[in-house]
Amino acid sequence: MNTRNYKKDVSDQGSIKGQTNQNFGYSQPQQFQDGISRIQEEMMDPRNIQPDSMFVNFSGVLECGECEDEESLRIEYAVKYGGEDWTYLKTSNNADDAEPSGISQLSTSRNLHSRNIVWNFPFECNFQTKNIFGWPQVVVRLSGPDFMGRSVAKGYGSVHVPTQPGYHERVIRIFKPLPISGFTGFLGYLLGNTAELKNFDKVISSGEGREVTRVKSVGYVKVKFHVTLVNFDKFGYL
Amino acid sequence: MSMPYQQTGNQIDYQEIKQTKADLKAEVHFIGQIVGGLDFQTDDGLFCELAIDCGDGWDLLQPGNNKGIQTQTSYANPGQLFSWGHPFDLHFSVSNIIGWPKALLKVWRLDSSNKIDACSYGTALFPRSAGYHQITCETWTPTGENLDLEVRKPNEDLATNTDQFSKFDRSLDWRFQALSFYMENLPRLTTLAPLTTDKGDFARRKILNSISNGRVIIEVEVVMKNFKRLSFSGQ
């Protein structure tokens, strides 16, 4: 079949006896020299492709903080996000983690004059999503040694990851649950059972069931975020 | 090029995706937390209740129920923040931007005998531009009512009224204040209508007298969808 004769007149029945025109009146599409049609080139242009999900990549540093009169503290974080629409993408570095979380080193303030404790603890997470609802938030827990050296929780706090791309600084306000009565508080102080939250990441991130808890503010933690958003403009955001 | 193509798997298939009418609906997300309260000048524990009020064109898609938020009870030293730290995540679908959402705040007090009482009220308007905002809402406590204003006819001017007693402002009603001093509870609003312009009897707010109270701090990130496409400002 001779396909290179497309420029010939289709009504030409052929000079050789018995040869019929294969095209039957249809014309071949216009072809460029390199073999890609204009439609195919438009299809491969990334500006024309409608993606099926958005991606949120953020990294940050839990920088430093203060907590009442504490000298030594360790910070733990967990990133909580809305369950159904969001998918946490594991990288090869942290393939063991089912949920993004981490525990930092135990750090001490420098001298007696300042209570500033520096962790400089970096984190990075990648998410795939189709919906903004359930935007990730970073929930932190401060813990440190009590007078006997046992590790107890000193405070909790949470902050939402910024929704705009770029560099942002945030301050997490830290609070500590209060014991139910003075006696349980004293006993807890002696035994190392101070008032703590079980499953702190679920309780603090959702806000449900916190109506009857009593807390006291104890300090703050400074966080730095760097956020990149992918495909948000194709979906109408940004 | 107006025709979007779907990329499926490794191969590019040409499928024409028709954009339906729902794709161009404007949506707004308010993601943030009630950080805490400042300057309340009390030793009792405080917690905050938040109710979302919006116009008829706003449809709250997620979370499913709009029952409001009640934070934890926080104690603080003088000058310290009462930290509530309560996160919220609201997803609205907007068909009419009249009635931009507002947060109706009610701060409650929990005293040493485990009794709760209303402390103060406030209205915080959500921001209208995308990005991170820190809203500070000053709150006020009602101290009484000035019922003389109800007796007067609605359009009657104060200056034209010749009744000599109505010229005095009876707002500092001694009976009301004496009762609240001895009973140690200030009056409460029976309805949140005076806080919002959208529904109900906002005009009745003029009969209230109030005293200033602390402020509530809310951090919120606003994410808008399709506002630019529909030529609404803010995105």
Side-chain angles (χ1 to χ4, degrees), chain A residues 39-40 42-52 80 82 85 131-137 139 155-164 168 170-178 203-220 229 232-238, chain B residues 1-8 12-15 17 19 23-27 29 31-36 45 47 49 61-63 69-77 80-91 110 130-132 217 219-229 235:
Chain A
I39 292 183
Q40 279 180 322
E42 271 172 15
M43 281 159 59
M44 292 201 293
D45 188 352
R47 285 168 294 183
N48 290 336
I49 295 175
Q50 178 70 15
D52 61 349
K80 302 304 290 180
D85 296 317
N131 193 3
I132 305 277
F133 180 76
W135 192 268
Q137 33 178 326
V139 180
Y156 303 91
S158 74
V159 73
H160 279 279
V161 175
T163 54
Q164 300 235 303
H168 307 271
R170 294 279 188 265
V171 175
I172 309 180
R173 314 279 171 181
I174 304 292
F175 55 84
K176 182 175 74 166
L178 291 174
V203 173
I204 298 194
S205 63
S206 75
E208 296 286 326
R210 287 162 71 181
E211 290 94 359
V212 290
T213 57
R214 296 182 207 211
V215 301
K216 183 179 180 311
S217 10
V218 291
Y220 65 88
L229 306 174
F232 270 59
D233 50 348
K234 301 253 173 65
F235 278 74
Y237 302 96
L238 226 70
Chain B
M1 190 62 198
S2 59
M3 214 61 85
Y5 302 86
Q6 178 84 22
Q7 183 175 10
T8 55
I12 299 177
D13 292 339
Y14 171 42
Q15 297 172 21
I17 300 174
Q19 288 197 319
D23 286 350
L24 272 190
K25 205 88 182 281
E27 291 172 20
H29 293 260
I31 302 163
Q33 65 170 263
I34 307 172
V35 177
F47 64 92
E49 245 188 332
L61 300 178
Q62 286 169 312
I69 289 176
Q70 184 181 339
T71 68
Q72 60 203 13
T73 310
S74 174
Y75 293 80
N77 300 329
Q80 211 182 15
L81 175 89
F82 289 83
S83 78
W84 296 316
H86 196 112
F88 58 83
D89 201 333
L90 305 165
H91 180 192
L110 177 76
Y132 169 76
I217 300 176
E219 287 181 346
V220 64
E221 308 242 4
V222 181
V223 183
M224 297 167 162
K225 177 176 178 171
N226 289 334
F227 267 55
K228 208 178 242 182
R229 281 195 203 164
Q235 192 169 4

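Chain identifiers are assigned alphabetically (A, B, ...) following the order of the sequence lines, protein sequences preceding nucleic acid strands; residue numbering begins at 1 within each chain. Side chains are part of it too, since the values below use all heavy atoms of this structure and drop only hydrogens, waters and symmetry mates. Source: prediction; values computed, not measured.
With chain A as partner, the option from B:Glu49, B:Met224, B:His91, B:Gln62 having the largest number of non-hydrogen pairs under 4.5 angstrom is B:Gln62. Note on B:Pro63, B:Ala26, B:Gly36: by heavy-atom pairs under 4.5 Å with chain A, the leading option is B:Pro63. Looking only at heavy-atom pairs under 4.5 Å with chain B, the residue among A:Arg173, A:Glu211, A:Lys234 that has the most is A:Glu211.
Between the B:Asp89 side chain and the A:Gly134 main chain, a donor and an acceptor come within less than 3.5 Å of each other. The closest donor-acceptor contact from the side chain of B:Glu221 to the backbone of A:Thr163 lies under 3.5 Å. Side-chain atoms of A:Thr213 never come within 3.5 Å of backbone atoms of B:Gln72 as a donor-acceptor pair (strictly under, hydrogens ignored). Side-chain atoms of B:Glu219 do not come within 3.5 Å of backbone N or O of A:His160 as any donor-acceptor pair.
At a 4.5 Å heavy-atom cutoff, A:Tyr156 makes no contact with chain B through either its backbone or its side chain. For B:Leu110, the part lying near chain A is the side chain, with the backbone staying farther off; criterion is any non-hydrogen pair under 4.5 Å. Contact of B:Gln80 with chain A is made through the side chain alone, with heavy-atom distances under 4.5 Å. For a residue to count as touching a neighbouring chain, one of its non-hydrogen atoms must lie under 4.5 Å from one of that chain's; by this rule B:Ser74 touches chain A with backbone and side chain alike. Of the two parts of A:Ile172, neither the backbone nor the side chain holds a non-hydrogen atom closer than 4.5 Å to a non-hydrogen atom of chain B. Residue A:Val161 touches chain B through its backbone alone, counting heavy-atom pairs closer than 4.5 Å. Interface remark: B:His29 contributes side-chain atoms only to the contact with chain A (heavy atom separation under 4.5 Å).
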- Message: Could you walk me through whether B:Trp84 and A:Arg210 satisfy the side-chain contact (heavy atoms from CB on, under 4.5 Å) test, starting with their C-alpha distance in whole Å, then the side-chain angles of each, then the deciding distance to 0.1 Å, before giving a yes or no?
- Response: CA-CA 10 Å; B:Trp84 296 316; A:Arg210 287 162 71 181; over 6 Å; no
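A:Arg214 has its side chain within reach of B:Tyr75: a pair of non-hydrogen atoms, C-beta onward, lies under 4.5 Å apart.
Around NZ of A:Lys216, the count of heavy atoms belonging to other residues, nucleotides or ligands within 6.0 Å exceeds 12.
Rounding to the nearest 0.5 angstrom, the gap separating the OG atom in A:Ser158 from the NE2 atom in B:His86 is 9.5 Å. The CG atom of A:Asp233 sits 9.5 Å away from atom NZ of B:Lys228, with the distance rounded to the nearest 0.5 Å.
Across all their heavy atoms, B:Lys225 and A:Phe235 have their closest contact at CE-O, 3.1 Å. Closest of all the heavy-atom pairs between B:Pro87 and A:Gln137 is CB-OE1, 3.7 Å.
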